[in-house]
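Some notes on the structure that comes next.
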Amino acid sequence: MQALKRIPQPLGQSLEQRALILVQRSTKLNHFLQIHALLIKTSLTCNNHVLAKLLPQLLSSSSANLPYARSLFDETPSPDTFLYNCMIMSCSKSHHSEVGLSLFLNMRLRKNSVVAADGFTYFLAVQACGKSGDLRVGRIVHAEVSKLGFDSGLIVATVLIEMYAKCDDMESSKRLFDALAEPDLVCCNVMLAWCVRVREMKIAREVFEKMPERDLVTWNTMIHGYASLGDIAAAKMIFDVAAERDVVSWSSMIAAYAKSRQSNEALKLFHEMQLANVVVPDRITMVSVLSACGDAGALGMGKMAHEFIVRNKIGIDLKLGTALVDMYARCGDMDISMRVFNEMNSRDVFAWSAIIMGLGSHGFAEVALHYFSKMIEEGIKPNDITFIGVLSACSHGGLVDEGRACFRSMAEVHGLSPKVEHYGCMVDILGRAGRLQEAMDLIRAMPFEADAVVWRTLLGACRMHKNVELAEEAIANLLKLEPLSDGSYVLSSNLYSLAKKWNKVSDIRRMMKNGKIQKVPGSSSIEVNNTVYEFVAGDRSNPKFTDICKMLDEVIDRLKIAGYKPVTAAVVQDFSEHEKENALAYHSEKLAIAFGLLTTAPGSTIRVIKNLRVCEDCHLTVKFISKVYCRNIIVRDRTRFHHFVEGSCSCKDYW
DNA sequence: CTAGGGTTAG
């Protein structure tokens, strides 16, 4: 009664009306309990009208209220169709469609009672079958629906199509769809969406071609459909010819480029979107934009995107927060990455995994492990991706024992069985630390066939520690598994060069020639004034090429005075010492850094992104540059970050 | 009843 007194009550209302007002304003379970006590006192519990308001409210506030709602419902002596429908719908909405379904089945058993299922009940039942994936009941309901003639309407037909699709029975779904004389727009869109979900773009295309009218959902489904198959060109074609475009269309297309790692295209399209000035980017657009910035290592662009988010008051949710954390980490700014992470309202396993991965890639292994234990303390369950982050952090930091302990804890503490990727990380940890035999033993003992990545990891470690015998086995397996990949050949020829096995080097080179295997050229990019400049080894197309080379020659001369000696051991033998130096001199990262020295303010940090691993000579060169030119230089290579400060590197020459 | 977003070893 006290609860009722707290809300302003116009005179002349019945108790029932007052109870309804109270119900509508309540969100917490104990409010409901109070109301319930009240209702019992006044015998209003049995009132279908009151319950039809109360139950949906109760279930939408928290699905933990389900048992209570259920008991209220079960106590009702004569529920009517309307109340049943309310309850079934509320159960479905609160992700308890199986409960809704059981209520529907109960309803049908009450043969003698006045309550009968109507068209809407069947609609809800079909939907509930789809949501709970119950094909058996779905078929029964379908048969009944047909018998009663409720399937003549397109809306019921549409949910039936969707139900079969959700229950993994695309054939029935398609059959129903094909049987329709004139499916409406929504029905076609539903069919399209399901074709996309089961990756049947051919069928999707047929449906699409036959559609007499198309709306935004149609175009956007097609864009996303092609994008999810990786057919970016087809997605772009739909995007270009679409009769209308909204923020979903632009976001889908930007996401398509970002996911296929065409980050420059993604950023270009985002720019175009802003120029078009018709639709406003939203939080979902920005997630893809940030992902593209991170991929490109474009810190300036990423910061602008972040400012855009703040300026336009786009709230930072879990996904956007994670995207920001990841972007800053990939762009080499762990300070901001950590700040954004700490400012997030809540953090889930994605967010934690992202920060752990970021810290690990920058070589902050201990910090990464610290964050991992904080995550556990906060009760977030790690998944197998978290462990990729943790193990790779140990690997980059040279933490062998910690790595081993984490690997063991996966199964023993966290109930996760290590996958081939985790074994790969362990091979990397052991191999880098020089424990090549142990790494090999692990490969032999693991419950998977070793994949190419595992062998390449071992080969990398063999190269690092100049172990030719174990390398031979890795090479043999690698060439069997990936005969066409250039990386394996480059790594092999590199190893043989270091070991001075020149015959083997020429074998490998001949195999590459015969197999028409092209080396992926090394390329490095640097962002100056928010523009990304890309350099490819030996590529003269940059208009400033001669200036840059001149600058680079001066740089090298200054470094030599400071004691720099080129590391030529990995260069093939049939070059003279001078030619060897030249082969190294114009590696892309050196060009990019020379360009950076020319175009950025003295003392400012230079950030370079490289597509391959940085070679030993470049590593040494950059160390010298950081000292001689008093610059902090951050290089992201294929596997990690190198922070060069005053002549030394954060990787402690361990990469 | 239908469409877009975040973490993955080398």
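Every heavy atom of this structure was used, including side-chain atoms; hydrogens, water molecules and symmetry mates were not.
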Nearest to the side chain of [X] - [options]?
{"X": "A:T457", "options": "B:dG10, B:dG5, B:dC1", "value": "B:dG10"}
{"X": "A:I284", "options": "B:dT7, B:dG6, B:dG4", "value": "B:dG4"}
{"X": "A:T639", "options": "B:dG10, B:dA3, B:dC1", "value": "B:dG10"}
{"X": "A:E421", "options": "B:dA3, B:dG6, B:dT8", "value": "B:dT8"}
{"X": "A:V186", "options": "B:dA3, B:dC1, B:dG5", "value": "B:dC1"}
{"X": "A:V454", "options": "B:dA9, B:dT7, B:dA3", "value": "B:dA9"}
{"X": "A:T322", "options": "B:dT2, B:dT7, B:dG6", "value": "B:dG6"}
{"X": "A:S353", "options": "B:dA9, B:dG5, B:dT7", "value": "B:dT7"}
{"X": "A:R197", "options": "B:dG5, B:dT7, B:dT2", "value": "B:dT2"}
{"X": "A:M357", "options": "B:dT7, B:dT8, B:dA3", "value": "B:dT8"}

Quick one: the side chain of [X] and the base of [N], do they pair up donor-acceptor inside 3.5 Å?
{"X": "A:D317", "N": "B:dG6", "value": "no"}
{"X": "A:S252", "N": "B:dG4", "value": "no"}
{"X": "A:D282", "N": "B:dG4", "value": "yes"}

Check your understanding: Counting only heavy atoms not in A:E378, do more than 12 sit closer than 6.0 Å to its CD atom?
Key -> yes
Review point. Counting heavy atoms not belonging to A:D653, are there more than 12 under 6.0 Å from its CG?
Key: yes
Under 4.0 Å: is that the gap between some side-chain N or O of [X] and OP1 or OP2 of [N]?
{"X": "A:H396", "N": "B:dA9", "value": "no"}
{"X": "A:H224", "N": "B:dG4", "value": "yes"}
{"X": "A:R330", "N": "B:dT8", "value": "yes"}

Across the strands shown, which category fits [X] at heavy-atom distances under 4.0 angstrom: base, sugar-phosphate, nothing?
{"X": "A:T218", "result": "nothing"}
{"X": "A:G424", "result": "base"}
{"X": "A:K259", "result": "sugar-phosphate"}
{"X": "A:D246", "result": "base"}

Point to revise | Atom-pair distance (OH on A:Y423; C1' on B:dA9), nearest Å | key: 15 Å
Practice item. To the nearest Å, give me how far apart CG (A:D348) and P (B:dG5) are. Key: 16 Å
Centroid separation under 6.0 Å, is that true for the rings of [Y] and [X]?
{"X": "A:F239", "Y": "A:W250", "value": "yes"}
{"X": "A:F341", "Y": "A:Y328", "value": "no"}
{"X": "A:W655", "Y": "A:H619", "value": "yes"}

